[in-house]
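Reviewing the structure listed below.
We name chains A, B, ... by the order of the sequence lines, and we start the count at 1 in each one. What you see is a predicted model; the values in this text were computed from it and never measured.
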Amino acid sequence: MTVITRFAPSPTGMLHIGGARTALFNWCYAKKTGGKFLLRIEDTDKERSTKEAIEAIFRDLKWLGLDWDGDATVYQSARAARHAEVAHELVKRGRAYFCYCTPEELEAMKAEAQAKGEQPRYNRMWRDRNPSEAPAGVKPVIRIKAPIDGDTVIEDAVQGRVTVPNSQLDDFILLRSDGSPTYMHAVVVDDADMGITHVIRGDDHLNNAFRQKIIFDAMGWPVPVFGHVPLIHGADGAKLSKRHGAQSVGEFKDMGYLPEAVCNYLLRLGWSHGDDELFTKEQAAEWFDVNDINAGPSRLDMKKLDHVNTHYMRLADDTRLAEEVITRNSLKIDETHKARLLAGIHDLKSRAATLVQLTSEAKFYLVDEVAYDEKAAAALNDHDAHHAMHHIYDALARLGADFTETAIDTACRHIAEHVYAGKLAKVMMPLRAAICGTTTSPPLFKAMEILGQAEVMKRLKAALHWMHDHGHHHH
RNA sequence: GUUCCCUUCGUCUAGAGGCCUAGGACACGUCCCUUUCACGGAUGUAACACGGGUUCGAAUCCCGUAGGGAACGCCA
């Protein structure tokens, strides 16, 4: 039997991080078993479904590298006729029936149940009643004949055996009075028609699984293997929501996380293969088993995501990262800037946790005039610094064609040795501030070599002017 | 309210009755390296929710309790 899994998002919003993980699990399982991974858009809620959301789902899945099989994506809304057909077939087989209750009657039923402290449930008044007794002018719905006695049991691949007494399940609606299918019904018909063998989804659907099994059974269709994955929570343990910051894949992308890092992190959240921490989704697919998904919920830990991302930043190709930096910048960038950036990116990428950080730390390669941040300004606004800067300027000017990392290093250490009793920091602090406008940077001498002598001397001169204008230069 | 699910360091987790003095990763502390910040290396703090069973032996099996979550629509 070929394994067929699916991801079935409803396009009512952006692709959620939890949804992405579900997709990842389904993708991995299909890959592992040599099966298929299908995509179905559950757009039966016409009020809330949007074209933008559908496109965002495609975009984000592709960004994550999750390719789906099948000639075309299945749109649930396009299958309404088939859903209705199955519902009527069920009536014909005596497994479902028309119900002519009005919304008012249902409301009364609910109120009565609540008054008695019971769960609001349909009282099955039309289950065995002859349709000839139907009131005129009421369009019926179709309800399933749910079993009345016994238990319904699901062997869940994640949660284990789950049993619910049938007394808890009522005759829920399959087809609305306007002829449209309910979600519960549409899902089953689609999963059956698509040949889905394994349903891996959020555990908010665990309760639905019982109801869905009833439909599968009524049609005599094989019930797929269910695996209900616990939801991802925020750092405080509450359900992920807007106040936790990012929750959609697009937001993680904007925050500068690499797709391979997001995949790795998400896969490791709630699933494990021993102590393995860093792996590609292809590697995970080889290891993957639904049984290894954890039954308990997990929390999003941005610090750990940062760590995973740091790992993949280092592995990432220089050109790719340079392009990311350029597109994330609003600066006017020419060929000289690009060449500097490409030469400097290697040292830069091992220091940044995200593309956003990388972009910010690469900025000094891309500007023509350095702006000093607060700490850099403080470092320059200093008597010794001004003194040192003159020494540096003179020494570097003498370097001429030998403006290499090594030569610069030697020159700076020479100054430190002879003027500052060997304290190299006395030279480095103002120099870094002048070149980068910050108090942190990648290895500075190398960066200076990349910038080139002309650019460096220009920046040193600018720093000297700045120091002059800011007064603390009496020596 | 009813039903269902969950519970190992702060977080993600390993763990399938003896391999557990409970392991790894992130975070945090200390030290080393160092031109800064990182990285890296070393090292340390830190958990089986609670209470009963079963067993020679329980993080692991069973039952309760507490806490957390989910579902109960002519929403998906």
| task | Check every strand shown and say whether A:Cys101 touches a base, only sugar-phosphate, or nothing at a heavy-atom separation below 4.0 Å. | result | base
| field | Pairing nucleotide - B:rA59, Watson-Crick or G-U, each distance under 3.5 Å | value | none
| message | Output the rounded distance in Å from CZ (A:Arg299) to C1' (B:rA25). | response | 18 Å
| query | Which residues pass the side-chain contact (heavy atoms from CB on, under 4.5 Å) test with A:Thr310, sequence neighbours left out? | reply | A:Arg314, A:Ala353
| So which nucleotide does B:rC31 pair with, by the Watson-Crick or G-U wobble rule with both distances under 3.5 Å? | B:rG41
| Donor-acceptor pair between A:His273 and A:Asp276 side chains, under 3.5 angstrom | yes
| request: Let me know the distance between OH of A:Tyr97 and P of B:rC74, rounded to the nearest Å. | output: 12 Å
| task | Considering only atom P, compute the distance from B:rC26 to B:rC62 and round it to an integer number of Å. | result | 34 Å
| When the P atoms of B:rA22 and B:rA59 are considered, how many whole Å apart are they? | 10 Å
| request: Examine A:Trp68 together with A:Phe7 and report whether their ring centres are nearer than 6.0 Å. | output: no
| request: Fit a plane to each ring of A:Tyr100 and A:Phe98, take the angle between them on a 0 to 90° scale, and name the class: parallel (under 30°), tilted (30 to 60°) or perpendicular (over 60°). | output: tilted
| task | Please state how far atom CD1 in A:Ile293 lies from atom P in B:rA16, giving the value in whole angstrom units. | result | 20 Å
| query | For A:Ile57 and B:rA76, what is the distance between atoms CD1 and P respectively, to the nearest whole Å? | reply | 16 Å
| task | Measure the distance from CD on A:Gln212 to P on B:rC72 and round it to the nearest whole Å. | result | 11 Å
| remark: Hits for side-chain contact (heavy atoms from CB on, under 4.5 Å) against A:Ala343, two or more places apart or cross-chain, chain-then-number order -> A:Ile450
| request: May I ask you to test the A:Leu206-A:Phe226 pair for a side-chain heavy-atom distance under 4.5 Å? | output: no
| note | Taken to the nearest whole Å, CD/A:Gln76 to P/B:rA76 is 8 Å
| Among residues 170-183 of chain A, which contact RNA chain B at a heavy-atom distance under 4.0 Å? | A:Ile173, A:Arg176, A:Ser177, A:Thr182, A:Tyr183
| Should B:rU2 form a Watson-Crick or G-U wobble pair with both distances under 3.5 Å, which nucleotide is its partner? | B:rA71
| task | State which residues pass side-chain contact (heavy atoms from CB on, under 4.5 Å) with A:Ser272; sequence neighbours excluded, sorted by chain then number. | result | A:Arg268
Side-chain polar contacts of residues 292-304 of chain A - donor-acceptor pairs under 3.5 angstrom, sequence neighbours left out - could you list them?
| from | atom 1 | to | atom 2 | distance (Å) |
| --- | --- | --- | --- | --- |
| A:Arg299 | NH1 | A:Ala235 | O | 3.1 |
| A:Asp301 | OD1 | A:Lys303 | N | 3.1 |
| A:Lys304 | NZ | A:Glu277 | OE1 | 3.2 |

| said: Taking only the C1' atom of each, what is the distance from B:rC28 to B:rU11 in whole angstrom? | reply: 12 Å
| message | Going by purine N1 to pyrimidine N3 plus the second Watson-Crick contact, or the G-U wobble pair, all under 3.5 Å, which nucleotide sits opposite B:rC20? | response | none
| query | When rounded to the nearest Å, what value does the distance between P atoms of B:rC75 and B:rG15 take? | reply | 43 Å
| task | Starting at atom NE2 of A:His185, determine the distance to atom P of B:rG73, rounded to an integer number of angstrom. | result | 19 Å
| Hey, is A:Arg40 close enough to A:Asp190 for a salt bridge, meaning N to O under 4.0 Å? | yes
| field | Integer angstrom distance from the P of B:rU45 to that of B:rG52 | value | 30 Å
| task | Run the salt-bridge test on A:Arg124 and A:Asp170 with the 4.0 Å N-O cut-off and return the result as yes or no. | result | no
| query | Checking all strands, does A:Glu277 fall into the base, sugar-phosphate, or nothing category for heavy-atom contacts under 4.0 angstrom? | reply | base
| message | Assess, by modelled atom type and distance only, whether the side chains of A:His383 and A:His387 contain a donor and an acceptor separated by less than 3.5 Å. | response | no
| Residues that A:Arg201 engages under salt bridge (charged side-chain N to carboxylate O under 4.0 Å, His left out), provided they are two or more places apart | none
| task | Taking only the side-chain heavy atoms of A:Val162 (C-beta and beyond), determine which of B:rA25, B:rU3, B:rC5 contains the nearest atom. | result | B:rC5
| task | Give every residue pair that meets the salt bridge (Lys or Arg N to Asp or Glu O under 4.0 Å) criterion with at least one member in residues 406-416 of chain A, sequence neighbours excluded. | result | A:Asp409-A:Arg413
| Is there a Watson-Crick or G-U wobble partner for B:rU65 with both distances under 3.5 Å, and if so, which one is it? | B:rA49
| task | For A:Ser298 and for A:Ser10, locate the closest nucleotide of RNA chain B by heavy-atom distance; then report the residue assigned to the nucleotide nearer the 5' terminus. | result | A:Ser298
| Which letter, B, S or -, goes with each nucleotide of nucleotides 65-70 of chain B from 5' to 3', with contact meaning a protein heavy atom under 4.0 Å? | -----B
| request: Output the residues of residues 267-275 of chain A in contact with RNA chain B, where contact means a heavy atom of the residue under 4.0 Å from an atom of the strand; sort by number or write none. | output: A:Arg268, A:Leu269, A:Gly270, A:Ser272, A:Gly274, A:Asp275
| Spacing of A:His83 atom NE2 relative to B:rA76 atom P, expressed in whole Å | 11 Å
| Whole-Å C1' distance, B:rC48 and B:rU21 | 14 Å
| request: Look at A:Asn294 and B:rA14 and indicate whether a side-chain polar atom (N or O) is within less than 4.0 Å of OP1 or OP2. | output: yes
| field | Residues in side-chain contact (heavy atoms from CB on, under 4.5 Å) contact with A:Ala362, at least two apart in sequence or another chain | value | A:Val325, A:Leu341, A:Leu348
| request: Go ahead and name the base partner of B:rU36; Watson-Crick or wobble counts if both distances stay under 3.5 Å, otherwise write none. | output: none
| query | What is the pairing partner of B:rG10, taking Watson-Crick or G-U wobble pairs with both distances under 3.5 Å in any strand? | reply | B:rC26
| said: Taking A:Arg95 first and then A:Asp217, would you say they form a salt bridge - that is, a charged N and a carboxylate O separated by under 4.0 Å? | reply: no
| Across the strands shown, which category fits A:Thr12 at heavy-atom distances under 4.0 angstrom: base, sugar-phosphate, nothing? | nothing
| said: Measuring centre to centre across the rings, with the benzene-like ring taken for any Trp, is A:Phe288 within less than 6.0 Å of A:Phe25? | reply: yes
| query | Can you tell me how far C1' in B:rC20 sits from the matching atom in B:rG57, rounded to whole Å? | reply | 13 Å
| When you check every protein heavy atom under 4.0 Å of nucleotides 27-39 of chain B, what one-letter string (B, S, -) results, 5' to 3'? | S-------BBBSS
For residues 427-446 of chain A, tabulate all N or O donor-acceptor pairs below 3.5 Å that involve a side-chain atom, not counting sequence neighbours.
| from | atom 1 | to | atom 2 | distance (Å) |
| --- | --- | --- | --- | --- |
| A:Arg432 | NE | A:Ser441 | OG | 2.9 |
| A:Thr438 | OG1 | A:Thr440 | O | 2.6 |

| message | Please give the distance between the C1' atoms of B:rA49 and B:rG10 as a whole number of Å. | response | 16 Å
